[in-house]
Every structure is written in structure tokens, then in C-alpha cells.
Amino acid sequence: MNAQTAILTKDITPLATSAEGGDYDKVRRVIEKISLDYRDQPSLETLAEAVGETPTGLQKLFTRWAGLSPKAFLQAVTLDHARRLLAEGMPLLEASLEVGMSGPGRLHDLFVTHEAMSPGEHKSRGEGLVIRYGWHISPFGRALVMVTDRGLAGLSFNDPGEDRAAFADMSGRWPNATYVEDMAATAPYAARIFDPARWRRDEPLRVVLIGTDFQVRVWEALLKIPLGCARTYSSIAEEIGKPSASRAVGAAVGANPVSFVVPCHRALGKSGALTGYHWGLTRKRAILGWEAGKAA
DNA sequence: CCAGCATCTCTAG
DNA sequence: CTAGAGATGCTGG
């Protein structure tokens, strides 16, 4: 990525959730190391040294972040575990028909109501749309949040110093929209999305899906996947009635503009492998591990 | 029309 | 076990 551009936005709120946000940088490096050297099961000591922490310090930091110890996390992102997520998910595929709502075992999930933009609105590539945006600290690094008066329209992640590229990536999806930096408008969304204590069924998060017909169907299928479960690209293809379109599903999942909320990280290859992630495979692992901590 | 994909399956070694 | 090829459906230009 072209990270040559310097800091573009003012630095924001060192208060509030900055502890969590600052944690992610170390957590990310630990996860990178774990996934690189997972074959020889790196010890807590080795991991701690790599990020300049004491073993107990890392233990506490990591557990605070994930709800899991580094060792449990390592367990949680292996192929075996991913396969289990897929297996557990299967029965629910047919059972729950409601969109993004309810069902047993979803007590800790983020509840969402969504609407799709009409194909016409999508084709105009954001023409006439006012999008307010702002950056916020999240458990997975800096998050760029984009909202319209109809709800959350975009959410992406980036590492420090890459704000400019992140904005270009997002705004390029709706090039004809009008963009207004407005942290006051986006902050409440960020605060709710990343704080499980505020995930409430009676106050669902409003999301507006801007995409083609096919993409919206795929994203709706993602919204039905419960926290702590996963689906394969091919099972999603079957679910939307296009059993041979698994590859097209992959493309549509990858085009999802509302990361995390539309849980594209819960889509895996049939082998259980984490095949790809627009915002980096490390982040996909991080989110799945973090969710494993919440699902427990 | 064509190239590019976050797929999958099958075959051959 | 891996590597490669072919079938595949949607998207943007």
C-alpha cells in the first residue's frame, strides 16, 4: 500500500477508548507472529519479547483486548477451529429466516436493520447523496465510518498513517457523493458498534446497503450468520439460490463496504482457510478471535 | 465484449 | 500432499 502520505486528519480523542485502540497495535503484531510461526507454537515469552512486553504484561493486555489468552486465541484461529465454526453453523442455515435478527444463541450479537438502495440510486454512484465521515479508535485499529441520513453506509479499517488511502478506497465506491467530515455524526455509530455492552435488540443499528442486486443478496446472507459462526462461499451461493456462483459470491463479499457490521469476516473457504480480506488477513484473524472471546 | 475476482473440483504426480 | 487447469457468475469499463 502507498503509505507515503503523512498525517492528513487531526488526531482524535486521546480519551475515551484509546486504551483499546492503542492495544491493537501490539495485538496485531502478536497475531502476525502467531500466524507466521504457528507451526512451532511460539511461547508467551517469545511473543512478549517480540513486542516489548513482559509475559504477564502481554497476557493481561491480550486478554483484556480479546477475552481470550494468547494461547486460547492461537487455538481459536487454527484450521480445526474454523472447521468447527462451519460445522456448528450448518443447522442454523435453514433454521433462522429472519434477517439479521434474533434466534437462539444470538443474544450477544449486534442487531441490525438494513435497507438497500434502489438499483437506480446505486447506478448513479452516489449522486445526490450526502455522506458524513470520521475516523475513530476501534479494537481493530483506526476505523473510517461513513453515514447517510438513512443509516450507516460504510465502515473500513486502516493502520495509522494510511487515512488518506482509506478515504480514497471508500469514497471511490460512490464517487459522485458529497463528502463532509463530521465526527460528531459518526461518533455515536462507532461507539455502539464496537461496544458489545451496547448491542441491543430493541435498538437495532440502521444500515443502508449500497450495491448491486446480487451484492445486496450476498450481504443479507452474511447478516444472518450468528456471532461465533461461519459460512463458506459456496454455502452462501446455495443459500441465495445460485449454487454454482461461489466465486461470484467471493467477489461480492469482498466488495462489502460495511466491514465488521456486515460480517464478511465470517465467510471462509470450504477447507476452513481464511481465503482473503480486503483489510488484511491479520485483521480477519483478529476479528474472528475477538468474536470467539465474545461468543464464549 | 472482455478481463479480473476473497471459489471449487478434479486430475496427475 | 501439492500444482495446475477448467468451469463458473458477476462486475466495471
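To find a chain, count down the sequence lines: A is the first, B the second, and so on, and within it residues start at 1.
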How about [X] and [Y]: do any of their side-chain heavy atoms sit closer than 4.5 Å?
{"X": "Tyr277(A)", "Y": "Ile287(A)", "answer": "yes"}
{"X": "Leu209(A)", "Y": "Glu220(A)", "answer": "yes"}
{"X": "Leu44(A)", "Y": "Lys71(A)", "answer": "no"}
{"X": "Trp199(A)", "Y": "Leu205(A)", "answer": "no"}
{"X": "Asp169(A)", "Y": "His278(A)", "answer": "yes"}

Can you check whether Val145(A)'s main-chain N or O pairs, donor with acceptor, with Trp135(A)'s side chain at less than 3.5 Å? no
Report the distance from atom [atom1] of [X] to atom [atom2] of [N], rounded to the nearest whole Å.
{"X": "Phe214(A)", "N": "dG9(C)", "atom1": "CZ", "atom2": "P", "result": "10 Å"}
{"X": "Gln215(A)", "N": "dC5(B)", "atom1": "CD", "atom2": "C1'", "result": "12 Å"}
{"X": "Lys242(A)", "N": "dA7(C)", "atom1": "NZ", "atom2": "C1'", "result": "16 Å"}
{"X": "Leu222(A)", "N": "dA6(B)", "atom1": "CG", "atom2": "P", "result": "15 Å"}
{"X": "His278(A)", "N": "dC5(B)", "atom1": "NE2", "atom2": "C1'", "result": "13 Å"}
{"X": "Ile287(A)", "N": "dA6(B)", "atom1": "CD1", "atom2": "C1'", "result": "14 Å"}
{"X": "Arg247(A)", "N": "dT9(B)", "atom1": "CZ", "atom2": "P", "result": "14 Å"}
{"X": "Asn256(A)", "N": "dC5(B)", "atom1": "CG", "atom2": "C1'", "result": "16 Å"}

Of the options dT11(C), dC5(B), dC8(B), whose atoms approach the side-chain atoms of Thr212(A) most closely?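 Closest of the options to the side chain of Thr212(A): dT11(C).
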dC8(B), dC10(C), dA6(B): which one has an atom nearest the side-chain heavy atoms of Ala248(A)? dC10(C)
Thr275(A) or Lys270(A), whichever maps to the more 5' nucleotide of DNA chain B: Thr275(A)
Distance-only donor-acceptor test, Tyr277(A) side-chain atoms vs dA6(B) base atoms, 3.5 Å: no
Using a heavy-atom cut-off of under 4.0 Å over every strand shown, decide if [X] touches base, sugar-phosphate, or nothing.
{"X": "Tyr233(A)", "answer": "base"}
{"X": "Arg125(A)", "answer": "sugar-phosphate"}
{"X": "Ala245(A)", "answer": "sugar-phosphate"}

Ignoring backbone atoms, establish whether Ser244(A) has a side-chain N or O less than 4.0 Å from OP1 or OP2 of dG9(C). yes
If you compare every side-chain N and O of Ser246(A) against the phosphate oxygens of dC8(B) (OP1, OP2), does one of them come in below 4.0 Å? no
Of all residues at least two apart in sequence or in a different chain, which pass the side-chain contact (heavy atoms from CB on, under 4.5 Å) check with Glu115(A)?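 Only Arg150(A), Arg206(A), Val208(A) meet the side-chain contact (heavy atoms from CB on, under 4.5 Å) criterion with Glu115(A).
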Measuring from atom OG of Ser259(A) to atom CE of Met170(A), what distance do you get when rounded to the nearest 0.5 angstrom?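 Taking OG in Ser259(A) and CE in Met170(A), the distance rounds to 7.0 Å.
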Find the distance between OH (Tyr179(A)) and CZ (Arg132(A)) and round it off to the nearest 0.5 Å.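 Atom-to-atom, Tyr179(A):OH and Arg132(A):CZ are 13.0 Å apart.
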The single option from Phe260(A), Trp290(A), Tyr24(A) passing ring pair (Phe, Tyr, Trp, His ring centres under 6.0 Å) against Phe194(A):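 Going through Phe260(A), Trp290(A), Tyr24(A) one by one, the ring pair (Phe, Tyr, Trp, His ring centres under 6.0 Å) with Phe194(A) is satisfied by Phe260(A) alone.
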Please convert DNA chain C into dot-bracket. A pair counts if it is Watson-Crick or G-U wobble with both distances under 3.5 Å; crossing pairs go in [ ] and bases paired with another strand get |. |||||||.|||||
What protein N or O atoms touch nucleotides 2-4 of chain B N or O atoms at under 3.5 angstrom, if any, and at what distances?
none

